[in-house]
**Student:** 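Got a structure for you, written out below as structure tokens; questions coming shortly.
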Amino acid sequence: MTRRILVTSALPYANGPIHIGHLVEYIQTDIWVRFQKLRGNRCIYVCADDTHGTAIMIRARKEGRSEEALIAAMSESHQRDFDGFGIQFDNYGSTHSDENRTICAKIWQSLRDKDLIAERPVEQLYDPEAETFLADRFVRGTCPKCGRTDQPGDNCVCGHTYSPTDLIDPKSTLSGATPILRESTHLFVELEKLHGFLADWIDTSDALQSETANYLKGHFLANELRDWDISRPGPYFGFEIPDSPGNFWYVWFDAPIGYIASTQQWCDSNGEKLEDWWNSDSCEIHHFIGKDITYFHTLFWPGMLESAGFRLPTKVRIHGFLTVAGEKMSKSTGTLVSAETYLKYSNPSYLRYFYATKLTPRVEDLDLGIDEFTEKVNSDLVGKVVNLASRVGKFASTTGLSKQYPDDGGLFAAAAKAGDEIAAAYEACDFSRAMRRIMELADAANPFVEHAKPWEMKKDAERQGELQDVCTVALNLFRQLAIYIAPVLPDLAKQCGDLLGSPITSWDQSKTPLVGIPVAKFQRMMDRVQSKDLKKMIDESKELAAADAAQDNASPTNDAAFNDSDQPLKDEPIADEISIDEFAKVDLRVARVVSAEHVPEANKLLKLTLSLGGDERRQVFAGIKAAYDPEKLVGRLVVMAANLKPRKMRFGLSEGMVTAAGPGGEEVFILGVDEGAQPGQRVH
RNA sequence: GGGGGUGUAGCUCAGUCGGUUAGAGCAGGGGACUCAUAAUCCCUUUGUCGCGGGUUCGAGUCCUGCCACCCCUACCA
């Protein structure tokens, strides 16, 4: 039976470009959608840019253009990036659309009608210069607990949490002005009135992974649900609330409604009715989101839908975050790679496949290791799958496929049978399992060619029939793989279709071999990953991040954010003047940490082995044990005093010093060197 | 502090309802081949299934205590 399925990914915020972390979700969703379409289900995939909120307003001001101009440019850039990764939406809208405004108003009216809206005053910090209320993250000041300066509005690095009004000497990061307290009316959704409904939905709907249901039950539903502050006083880039002039819907109110608005647009241009998708029990709705926005999609959103008479999601499919080499992505290490940068140096199919091998139905983070990435793509995709076509492609172009499918020892039949299991894995979002099963099939197919020895047949005029049979088997096995992996690698599916003159359009094509047809001239399908390209990609990401940071620093509006304390200079005044000759006596060198280990008898020391390039090694003891984990130091470039007289210590000889700043203890910060420097180079 | 999860080969991971000798891919070692992108094929080494108890004829699997790591959340469960 054909299912009707509406699928969404979370709406990307129009405040920045798409990066490889975002892509986990869009690739995951796109794979699932393509799978459903391949299975013959009626499936549409809608998304939109999330365009409202203070951050957009501020950014537009800073860039001296209208919000509309900013979000238009962002939308274009997002869509270009998605397109580059083969992510195919049926409709891509914007929360700043007429459709969205209309549906927001409708849902709002329903909430009013159900008496779920309350009004009360809220005191909030206000920036009198920028003339706007300030969210926590736009206020910085001195921590009331420990006295550290320049801390964010909600918590300090010392671990203390507070409200921005508790900060000593608070400053707006927008203008540098001192914020004042100002009262305004806010509107709230009284979510507690929906407590029973939500508890029931979470318990019985089967829409959530069990860990998510547990989390909600334990964390929220065990208590009274707090009112949800749904309005923001102007100026605010968003929709003004029709029955509350001067107040705007908070961005998180209209963002999910964007799912419906985007569907509306699709309906309008395809002659469909919105009710058939959002008010129908015969349609499924699947939301794909990241774990950070669980709360909005599993409490507020179902509450809003229920109140307004829309159907509830069939599934909210929540995924974890991307880490790179086991660490959070970061600009400074170049692991926060933008979609655009990735596409410059690498092939989107690689990333689609790699993510597919990592994705499971569970809410867990997934790690991208450069070596693992290279290995998986090269061994699995190029070595196994593509190679199968590549190794018989040239023969097949001259022979074509046999009239009848030859005996292959049951390979084709076995792979056809495996289709059900692979489909079940896709359906359950267990792409990792699906990829594993597909690779097992590829592993079985290659030995067939090997044992048949088509290259020998080619030389013998009398064995051309046999050669044709081998090609027929190999290419049909390849085609099965291409069909099964088509949701992940649409490009490969296309290439397979071109080669055999028969486009891949349906999962069931895997059940019947192609026979008696010509084969096109073989075209190379996929290149191997080159590690040097990935390295370039990381390097460029680092450079871009550095350029961004430099630009931010140069911007005058940001000076206020850098009200650094004068304490360090007071603690340690600048030393007596020296001549350049005296300075030159200190030979500072770039060195690479090649090993780092704890010294069991020492309280503060780590034993480092530093490389100055070639075979030059220095053993150095550094008092940084409390601040650095030895494993994380290995491989890093540091700056060392290289001509320091070696000093005998209880634990061994120390042949230099590693440079670092900070008062000591946990607050020690090793001097780093920008990428490109070579161990052994002198610091001038 | 609380909640959730993970721990199996050097690496990434399978392992069904408790059932024979714990598996795959990659990496490593040896050989073969030359159709194929230094691709492929054959053979092959490696295990305290985190640790300790318990239940059982039988435990990687179930129970329990501990350890390590990860995620979430924190004077709200």
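These figures come from a predicted structure and were not determined experimentally. To find a chain, count down the sequence lines: A is the first, B the second, and so on, and within it residues start at 1. Below, all heavy atoms of this structure are taken into account, side chains as well, without hydrogens, waters or symmetry copies.
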**Student:** Nearest to the side chain of A:Trp455, which nucleotide is it out of B:rA14, B:rC35, B:rC41?
**Tutor:**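 Taking heavy atoms from C-beta onward, the closest nucleotide is B:rC35.
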**Student:** Taking only the side-chain heavy atoms of A:Val449 (C-beta and beyond), determine which of B:rC35, B:rC13, B:rU12 contains the nearest atom.
**Tutor:**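 The closest nucleotide is B:rC35.
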**Student:** For B:rU46, which nucleotide is its Watson-Crick or G-U wobble mate, given both distances must be under 3.5 Å?
**Tutor:**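 B:rU46 is paired with nothing.
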**Student:** Classify the ring geometry of A:Tyr215 against A:Phe220: parallel below 30°, tilted from 30° to 60°, perpendicular beyond 60°.
**Tutor:**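 Perpendicular.
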**Student:** Should the pair A:Trp252 and A:Phe296 be assigned to parallel (<30°), tilted (30 to 60°) or perpendicular (>60°) ring geometry?
**Tutor:**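 Parallel.
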**Student:** Check every strand shown and say whether A:Pro447 touches a base, only sugar-phosphate, or nothing at a heavy-atom separation below 4.0 Å.
**Tutor:**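 Sugar-phosphate: the residue A:Pro447, judged by heavy atoms under 4.0 Å, touches backbone atoms but no base.
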**Student:** Return the nearest nucleotide to the side chain of A:Arg362; candidates are B:rG5, B:rU73, B:rC42.
**Tutor:**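 Of the options given, the side chain of A:Arg362 lies nearest B:rG5.
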**Student:** May I ask you to say what A:Asn446 touches in the nucleic acid, namely base, sugar-phosphate or nothing, with a heavy-atom cut-off under 4.0 Å?
**Tutor:**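 Contact class for A:Asn446: sugar-phosphate only.
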**Student:** Provide the distance between the two C1' atoms, one in B:rC33 and one in B:rC42, to the nearest whole Å.
**Tutor:**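 Pairwise C1' distance, B:rC33 against B:rC42, rounds to 10 Å.
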**Student:** Which nucleotide in the set B:rA36, B:rC76, B:rU37 lies at the smallest distance from any side-chain heavy atom of A:Arg391?
**Tutor:**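 In terms of side-chain proximity for A:Arg391, the closest of B:rA36, B:rC76, B:rU37 is B:rA36.
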**Student:** Counting only Watson-Crick pairs (N1-N3 plus N6-O4 or O6-N4) and G-U wobbles (N1-O2, O6-N3), all under 3.5 Å, who is the partner of B:rC41?
**Tutor:**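 Looking at the geometry, B:rC41 pairs with B:rG31.
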**Student:** Rounded to whole angstrom units, what separation is found between the CG atom of A:Asp527 and the P atom of B:rA39?
**Tutor:**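 Atom-to-atom, A:Asp527 to B:rA39, this comes out as 14 Å.
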**Student:** Within the structure shown, what part of the strands sits under 4.0 Å from A:Lys291 by heavy-atom distance: base, sugar-phosphate, or nothing?
**Tutor:**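 Result for A:Lys291 = sugar-phosphate.
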**Student:** From the list B:rU37, B:rU12, B:rC72, which nucleotide is the closest neighbour of the side chain of A:Tyr215?
**Tutor:**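 Nucleotide nearest to A:Tyr215's side chain: B:rC72.
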**Student:** What nucleotide, of B:rA14, B:rU37, B:rU12, holds the atom closest to the side chain of A:Lys376?
**Tutor:**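 Nearest nucleotide to the side chain: B:rU12.
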**Student:** Write down the distance separating the C1' atoms in B:rU40 and B:rC35, rounded off to the nearest Å.
**Tutor:**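 That atom pair is separated by 9 Å.
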**Student:** Roughly how far apart, to the nearest Å, are B:rU37 and B:rC62 at atom P?
**Tutor:**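 Per the computed distance, 48 Å lies between those P atoms.
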**Student:** Is it possible for you to check whether A:Arg352 lies under 6.0 Å from the centre of the six-membered ring of A:Phe85, through NZ or CZ, and within 45° of that ring's axis?
**Tutor:**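 No; the conditions do not both hold, so A:Arg352 does not lie above the ring face of A:Phe85.
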**Student:** Determine the contact category for A:Arg433: base if any of its heavy atoms lies under 4.0 Å from a base atom, sugar-phosphate if only primed atoms, P, OP1 or OP2 are that close, otherwise nothing.
**Tutor:**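 Sugar-phosphate contact only - A:Arg433 comes under 4.0 Å of backbone atoms but never of a base.
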**Student:** For A:Glu421 and A:Arg437, what are the C-alpha separation, side-chain angles and deciding distance, and is it a salt bridge (Lys or Arg N to Asp or Glu O under 4.0 Å)?
**Tutor:** CA-CA 8 Å; A:Glu421 203 185 314; A:Arg437 293 291 291 122; 2.9 Å; yes
**Student:** Which of these nucleotides, B:rA36, B:rG25, B:rC13, is closest to any side-chain atom of A:Lys384?
**Tutor:**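 Side chain of A:Lys384 sits closest to B:rG25.
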**Student:** Across all strands shown, which nucleotide pairs with B:rA74 by Watson-Crick or G-U wobble geometry, both distances under 3.5 Å?
**Tutor:**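 For B:rA74, the partner nucleotide comes out as none, under the 3.5 Å rule.
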**Student:** Classify the nucleic acid contact of A:Lys394 as base, sugar-phosphate or nothing, counting any heavy atom under 4.0 Å across all strands shown.
**Tutor:**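 Touches sugar-phosphate only.
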**Student:** At 4.0 Å (heavy atoms only), tell me whether A:Val363 reaches a base, stays on the sugar-phosphate, or touches nothing.
**Tutor:**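 No contact.
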**Student:** With P as the reference atom in both, quote the distance from B:rU12 to B:rG54 in angstrom, rounded to an integer.
**Tutor:**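 Here B:rU12 and B:rG54 have their P atoms 33 Å from each other.
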**Student:** Do you see a donor-acceptor pair shorter than 3.5 Å between the side chains of A:His286 and A:Trp32?
**Tutor:**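 On atom types as modelled, these side chains do not qualify, holding no pair under 3.5 Å.
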**Student:** Kindly confirm or rule out a cation-pi arrangement of A:Lys291 over A:Phe321, judged by NZ or CZ under 6.0 Å from the six-membered ring centre and within 45° of its axis?
**Tutor:**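 Output yes; distance and angle both within limits.
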**Student:** Provide, to the nearest angstrom, the distance between the CD atom belonging to A:Gln495 and the C1' atom belonging to B:rU37.
**Tutor:**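 After rounding, the gap between these two atoms is 14 Å.
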**Student:** Taking the C1' atom in each of B:rG19 and B:rG1, what is the distance between them to the nearest angstrom?
**Tutor:**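 About 43 Å, rounded to a whole number of Å.
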**Student:** Would you classify A:Asp443 as touching base, sugar-phosphate or nothing, given that sugar-phosphate means primed atoms plus P, OP1 and OP2, and contacts are heavy atoms under 4.0 Å?
**Tutor:**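 The residue A:Asp443 makes sugar-phosphate contact but no base contact.
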**Student:** Which part of the nucleic acid, if any, lies within contact of A:Arg226, taking any heavy atom under 4.0 Å across all strands shown: a base, the sugar-phosphate backbone alone, or nothing?
**Tutor:**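 Base contact - A:Arg226 has a heavy atom under 4.0 Å of at least one base atom.
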**Student:** Write down the distance between NE2 (A:His451) and P (B:rA32), rounded to a whole number of angstrom.
**Tutor:**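 It is 16 Å, rounded to the nearest whole Å.
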**Student:** Which base, if any, makes a Watson-Crick or G-U wobble pair with B:rA36, both distances under 3.5 Å?
**Tutor:**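 For B:rA36, the partner nucleotide comes out as none, under the 3.5 Å rule.
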**Student:** Who is the Watson-Crick or G-U wobble partner of B:rU21, with both distances under 3.5 Å?
**Tutor:**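 For B:rU21, the partner nucleotide comes out as none, under the 3.5 Å rule.
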**Student:** Taking atom types as modelled, find out whether A:Glu224 and A:His195 have a side-chain donor-acceptor pair closer than 3.5 angstrom.
**Tutor:**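 A:His195 and A:Glu224 do not have a side-chain donor-acceptor pair below 3.5 Å.
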**Student:** Consider the side chain of A:Glu375, meaning its heavy atoms from C-beta on, and name the nucleotide among B:rG25, B:rC26, B:rU73 that approaches it most closely.
**Tutor:**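 The closest nucleotide is B:rC26.
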**Student:** Measure from CD on A:Glu364 to C1' on B:rC70 and round the result to the nearest Å.
**Tutor:**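 So the two atoms are 10 Å apart, to the nearest Å.
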**Student:** Should the pair A:Phe373 and A:Tyr342 be assigned to parallel (<30°), tilted (30 to 60°) or perpendicular (>60°) ring geometry?
**Tutor:**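 Perpendicular, since the angle between the ring planes exceeds 60°.
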**Student:** Whole angstrom is fine here: how far is it from CD in A:Glu327 over to P in B:rC69?
**Tutor:**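 In whole Å, B:rC69 P lies 15 Å from A:Glu327 CD.
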**Student:** For the P atoms, the ones on B:rC66 and on B:rG10, what distance do you get once it is rounded to whole angstrom?
**Tutor:**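 These two P atoms come out 29 Å apart once rounded.
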**Student:** Tell which nucleotide pairs with B:rU6, taking only Watson-Crick or G-U wobble pairs whose two distances are both under 3.5 angstrom.
**Tutor:**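 B:rU6 is paired, partner B:rA68.
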**Student:** Please state the C1' separation for the pair B:rG52 and B:rC11 - nearest whole angstrom.
**Tutor:**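 The answer is 28 Å between these two C1' atoms.
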**Student:** Looking only at atom C1', what distance separates B:rA27 and B:rU46, rounded to whole Å?
**Tutor:**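 The same atom, C1', in both gives a distance of 12 Å.
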